[in-house]
Amino acid sequence: MINDKYLKPYNHADYEDNIYKTWNDSGYFNPDNLPGEREETFSIILPPPNANGNLHAGHGSDFVLKDIMARYHRMLGKKTLMIPGADHAGFETQGVYEKKLQKEGRSRFGMNRQELYDEIYDFVMEHKGNMEEQVKRLGTSCDWSRNTFTLQPNIVSKVENTFMQMYEDGMIYRGKRSIHWNPKFKTSLADIETKFEDRTEPFYYFQYGPFEIATSRPETKFGDKYVVMHPDDKRYSKYKEGDTFEAEWINGKVTATILKDEVIDMEFGTGVMTITPWHDLTDFEIAERHNLEYEQIIDLDGKLMDIAEEFAGQKVHIARPEVVKKLQKKGLVTKIEEKHTHAVRICERTGVILEPQLMDQWFVKMKPLTQMALKALDEKKLYFVSEQFEKTFRHWMENPIDWNISRQIVWGIQIPAWFKNKGKENEEIKVQKEKPNGDGWIQDTDTFDTWFSSGQWPLLTLGFPDGKDFKTFYPTTVMETGRDLIFKWVPRMIMFGLYLAKDVPFKDIYLHGMVLDGKGVKMSKSKGNTLSPIDLGDEFGMDATRMSFVIGNTPGRDMPLPVDKVRGYKKFSNKIWNIARFIYENTDGFDYQNFDTSKLTETENIIIKEVKNIKLEVGKNIEDYKLYMGAEDAYHYVWHTLADKILEESKEALGNKTTAEDKKNKQYMLLTIFGEILKMLHPFMPFITEEIWSDFPIENKDLLMVESWN
RNA sequence: GGGCGCUUAGCUCAGUUGGCUAGAGCAUCUCGUUUACACCGAGGAGGCCAGGGGUUCGAGUCCCUUAGCGCCCACCA
């Protein structure tokens, strides 16, 4: 008799959790337990989601696309491994936690290091578990026995090893460089963690000795004693490099020196500027080229220092109008353009205006690493599925900027370096894990940039250098991730892989676009237009949600996700359910396994052959990274060929209106086709297909997730 | 300033190496309750594939160009 469950509409909530548990308990998520002999491997590293919150729509694409690939290749008979993990997400997590502290009226300043670390650790562990439950809800077929967290001791140890090796190899140096300083969160940031925002502010013209200079930041000008102009600027040809002059300035007379440098834009402002090397990258580079001295004007809290005299201790934005007022009194202001729009560098995560500062920091020399990446690209060891990204990647690799890897936060892996103060500005450095012998050694309080550890993710999760998984699964088959990570994550993994393991960490690079809201607008918490894949799963079923994330998701292109789309695939789930009901009802008692297939008519054989062809086609689309097309073809066949045509046309025979033999043929044919479409749909819609497969009339069958695709 | 990409049915988008009488989903219109499913079926309407030029037997697809839109990168004081 047909199982009663088919007599009512499909209700995903009744099945999904149990099915995931069955898969997980089967052990098949672990490639070591898969049935049969499996030579070929398929491996994919899951991006470790930040362990500080919930999954968002972007994670939907992330996990669904990868899981479709993994499930397909597992069914193809490959030794398939998906490794889950979590990233401590240093700066971001600490930022989230600091907001929490703020709400509680507390602050990280004043807490000791260990205390703060422990609190964040507990906070993250709580959310990490939550996040993992959500990854499971999506149906992700990853091996939880290999779950990895960036701050677990063996991972920390390996990250430290990498740093020490790079230091020994001369790939890492410590130096005073202009870095982007976040004065509110008190940490430096790498270039890619910053962005520009247009601000409209007054633009001031001042008389500085014989010159008129223009600036948008008068409050930094206290220590300026060089004026710079373009060597070809005819207006200033009578001034020679190295000439000095006296100028009345903010706090009295200064002696200034003339410099010529080609970075000066003759068209901009007056073509003359003064420089503040400590707080401006361009100025710093000029100072370096001309071997100049420089001094700090603004402290790490964003306040003016003693050099500002009467303004000392004021925050920069407070001091600015005051400085201008004073200059006005002195008659040194020649012009003010009220509305000058220029780009201000801000912190990508917190929106805080960044202050360039010169600080001692750890840097990775990028040039040798990017050269390795370019070589791998030229040798075709890397393949970008959406080829427009290859150009972007190449461009970035050809113009590297040394990477600042130290962060002044506690939430991360502390840098294994020790300092001993030997007088002013003179310290001895040792790079090692343990405290060196002798007195006076203090460990660097900085931690690594998060991307320093996550950039090694394929190596770390597979147990480089001597782990069994590393030997079996490296390089991994494909890196599938969001296109926004082409600068942040992807190149770092490639460079670390090439540097440490002498081989690329993955062959194919599939970058998907961003998930937008139903109107095509970027989702953001502030706009309130975010969608959670978990909520969608609750309402429409995870299979329907997965279909919404794959159909229309072409490589590299952004994809709007209207809720109606998900609703549409919920209908599809129900359609499949009803097809099952119809077929199971009409084949009740039919001995499928012992049917003599030689009795099938030619037409029936053709119909069976057709579904097998469609399935091969769907598989080929998955292999070619056209997952959206595979899903669409499968959908279309099931609904408009199987349900609308084949089922309808078989009703006559099934209703005993023809011959008994014809009926048996049709029963066999329908079950065969149905078995094929369950396999074909499984990578996309794993829950409902697994559930229906459990009633398929074959004895001693295994789970659908390990059934053979062919 | 540099780079990448987009413009196809009312809406959201597919359209692989040029062969298309240009497709899908949603929306819309007409009809229909028949061994599953109204979370359904049958049928229909709807497009000079952004504009212009070129290559070709043949162009939505390749080249040039114009216009509009989007994203990324960048030290304009």
Side-chain angles (χ1 to χ4, degrees), chain A residues 2 6-10 178 191-192 195-196 203-205 213-217 220-221 224 227-228 263-276 280-286 340-343 345 356 386-396 399 401 483-484 486-487 513-514 516 518-520 522 540-541 544 547-548 551-554 556-565 567-586 620-621 624-626 628-629 632-633 635-636 639-640 643-645 647-648 650-657:
Chain A
I2 181 169
Y6 293 105
L7 301 180
K8 50 185 182 180
Y10 178 62
S178 184
D191 297 79
I192 52 157
K195 64 177 182 187
F196 285 97
F203 194 54
Y204 307 94
Y205 290 77
I213 59 160
T215 182
S216 57
R217 299 204 60 189
T220 66
K221 297 287 162 201
D224 291 11
V227 287
V228 195
V263 296
I264 301 296
D265 180 352
M266 289 185 266
E267 309 288 315
F268 189 80
T270 59
V272 184
M273 68 173 193
T274 63
I275 58 167
T276 314
D280 187 288
L281 184 57
T282 311
D283 294 5
F284 174 71
E285 284 169 359
I286 293 172
H340 173 245
T341 302
H342 64 138
R345 199 187 274 269
S386 19
E387 53 193 302
Q388 72 262 33
F389 293 120
E390 184 178 326
K391 291 177 193 167
T392 314
F393 177 79
R394 189 179 283 278
H395 178 80
W396 198 71
N399 301 284
I401 300 168
R483 70 161 166 86
D484 53 326
I486 185 166
F487 294 119
M514 306 287 98
L516 310 172
K519 292 176 191 138
K522 199 172 173 177
F540 303 108
M547 284 297 266
S548 312
I551 292 188
N553 199 336
T554 52
R557 299 289 301 275
D558 291 352
M559 179 187 75
L561 182 59
V563 174
D564 272 347
K565 182 177 176 184
R567 191 171 287 123
Y569 293 115
K570 180 182 193 287
K571 292 183 183 176
F572 184 53
S573 297
N574 196 52
K575 189 76 184 177
I576 298 167
W577 195 247
N578 278 296
I579 293 171
R581 174 178 168 183
F582 179 83
I583 292 180
Y584 286 164
E585 269 177 350
N586 280 291
K620 193 168 177 307
N621 278 324
D624 292 345
Y625 301 113
K626 290 174 192 158
Y628 61 101
M629 209 178 261
E632 225 177 282
D633 289 351
Y635 171 92
H636 205 260
W639 199 312
H640 299 296
D644 292 348
K645 297 203 175 73
L647 245 51
E648 290 302 327
S650 61
K651 281 179 181 174
E652 206 178 30
L654 295 171
N656 299 315
K657 288 182 184 145

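Within every chain, numbering begins at 1; the chains are lettered A, B, ... in the order of the sequence lines, protein sequences first and strands thereafter. Owing to the predicted nature of the structure, the values given are computational and were not obtained by experimental measurement. These numbers come from the heavy atoms of this one structure, side chains and all, not from hydrogens, waters or symmetry mates.
- For the pair Asp564(A) and Arg567(A), the minimum side-chain heavy-atom distance is below 4.5 Å.
- With both ends at atom P, the span from rU61(B) to rA50(B) equals 8 Å, rounded to whole Å.
- Taking every side-chain heavy atom of Glu648(A) into account, rA36(B) is the closest of rA77(B), rC76(B), rA36(B).
- Here the separation of rG68(B) from rG23(B), taken at their P atoms, is 33 Å to the nearest Å.
- Here the P atom of nucleotide rG5(B) and the CD atom of Glu390(A) are 12 Å apart, to the nearest Å.
- Within the 3.5 Å criterion, the main-chain N or O of Arg217(A) finds a donor-acceptor partner in the side chain of Thr215(A).
- In terms of modelled atom types and a separation under 3.5 Å, the side chain of Lys565(A) and the main chain of Ser548(A) share a donor-acceptor contact.
- The nucleotide whose nearest atom lies closest to any side-chain atom of Lys391(A) is, among rC39(B), rG5(B), rA36(B), rG5(B).
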**Message:** Strictly under 4.0 angstrom, non-hydrogen atoms only: write out the protein contact profile of nucleotides 15-31 of chain B, one letter per nucleotide from the 5' end, B, S or -.
**Reply:** SB--------S------
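- Rounded to a whole angstrom, the distance from the C1' atom of rA27(B) to that of rC4(B) is 34 Å.
- Residue Lys575(A) places a side-chain atom within donor-acceptor reach of the base of rC37(B), judged by atom type and a 3.5 Å distance cut-off alone.
- Across Ile579(A) and Ala643(A), no two heavy atoms sit closer than the pair CD1-CB, 3.9 Å.
- Pairing for rU7(B) goes to rA67(B), judged as Watson-Crick or G-U wobble with the two contacts each under 3.5 Å.
- Residue His395(A) places no side-chain N or O under 4.0 Å from the OP1 or OP2 atom of rC4(B).
- Looking at heavy-atom distances under 4.0 Å, Gly271(A) makes contact with a base.
- Backbone-only engagement by Pro560(A) is indicated by non-hydrogen atom pairs under 4.0 Å involving sugar-phosphate atoms exclusively.
- Taking the C1' atom of each, rG51(B) and rG46(B) are spaced 23 Å apart, rounded to whole Å.
- Spacing of C1' atoms, rC49(B) relative to rG43(B), comes out at 26 Å, to the nearest Å.
- At a threshold of 4.0 angstrom between heavy atoms, the contacts of Leu647(A) include nucleobase atoms, whether or not backbone atoms are also involved.
- Straight-line distance from the NZ atom of Lys657(A) to the P atom of rU34(B): 12 Å, rounded to whole Å.
- The aromatic rings of Phe572(A) and Tyr569(A) lie perpendicular to each other, with more than 60° between the two planes, well past the 30° mark.
- The aromatic rings of Tyr6(A) and Trp577(A) sit tilted relative to each other, their planes meeting at an angle between 30° and 60°.
- Residue whose closest nucleotide on RNA chain B sits further toward the 5' end, between Asp558(A) and Asn656(A): Asp558(A).
- Across every strand in view, rG1(B) sits in a pair with rC73(B) that passes the Watson-Crick or G-U test at under 3.5 angstrom.
- Between the P atom of rA74(B) and the NZ atom of Lys195(A) lies a distance of 13 Å, rounded to the nearest Å.
- When both distances must be under 3.5 Å, the Watson-Crick or G-U wobble mate of rC49(B) does not exist.
- Comparing the P positions of rC39(B) and rU28(B) gives an interatomic distance of 15 Å, to the nearest angstrom.
- In this structure rC40(B) sits in a base pair with rG32(B), meeting the Watson-Crick or G-U test at under 3.5 Å.
- If you check every strand for non-hydrogen atoms under 4.0 Å, Arg217(A) touches nothing.
- As judged by a 4.0 angstrom heavy-atom cut-off over every strand, Ile264(A) is placed among the base-contacting residues.
- Note that CZ of Phe582(A) and NZ of Lys651(A) are 5.5 Å apart. Values are rounded to the nearest 0.5 Å.
- Residue Lys221(A) has its side chain nearest to rA77(B) when only rA77(B), rA42(B), rC37(B) are considered.
- Ionic pairing of Lys522(A) and Asp558(A) is not present here: no N-O contact between side-chain nitrogen and carboxylate oxygen is shorter than 4.0 angstrom.
- In this structure, Asp283(A) reaches neither bases nor backbone, as no heavy-atom distance under 4.0 Å exists between it and the strands shown.
- Rounded to whole angstrom, the span from the NZ atom of Lys645(A) across to the C1' atom of rA42(B) amounts to 11 Å.
- Phe487(A) comes within contact range of the sugar-phosphate backbone alone, with a heavy-atom separation under 4.0 Å but no base atom that close.
- Between rU12(B) and rG2(B), the two P atoms lie 31 Å apart (nearest whole Å).
- The nucleotide whose nearest atom lies closest to any side-chain atom of Gln388(A) is, among rA36(B), rC73(B), rG5(B), rG5(B).
- Taking OG from Ser178(A) and CG from Asp280(A), the interatomic distance works out to 7.5 Å, rounded to the nearest 0.5 Å.
- Regarding Arg581(A), its CZ atom lies at a distance of 6 Å from the C1' atom of rA36(B), rounded to whole Å.
- Ala643(A) comes within 4.0 angstrom of a nucleotide base, judged by non-hydrogen atoms across all strands.
- Going from the P atom of rC63(B) to that of rU55(B) covers 15 Å, rounded to whole Å.
- Two residues are said to be in side-chain contact when any heavy atoms from C-beta on lie closer than 4.5 Å; Met273(A) and Asp283(A) meet this criterion.
- Rounded to an integer number of Å, the gap from CZ of Phe389(A) to C1' of rC6(B) is 13 Å.
- The interatomic distance linking Phe572(A) (CZ) with rC40(B) (C1') rounds to 15 Å, in whole Å.
- Taking the six-membered ring for Trp and thresholds of 30 and 60 degrees, His636(A) and His640(A) have ring planes inclined between 30 and 60 degrees apart.
- Looking at which nucleotide of RNA chain B each of Asp265(A) and Arg483(A) is closest to, the 5′-most match is held by Arg483(A).
- Between Arg557(A) and rC13(B) there is no side-chain polar atom (N or O) within less than 4.0 angstrom of OP1 or OP2.
- Under the Watson-Crick and G-U wobble criteria, each requiring two contacts below 3.5 Å, nucleotide rU21(B) is left unpaired.
- Note: CG (Asn586(A)) to P (rA36(B)) measures 9 Å, nearest angstrom.
- rU56(B): no Watson-Crick or G-U partner with both key distances under 3.5 Å is found in any strand.
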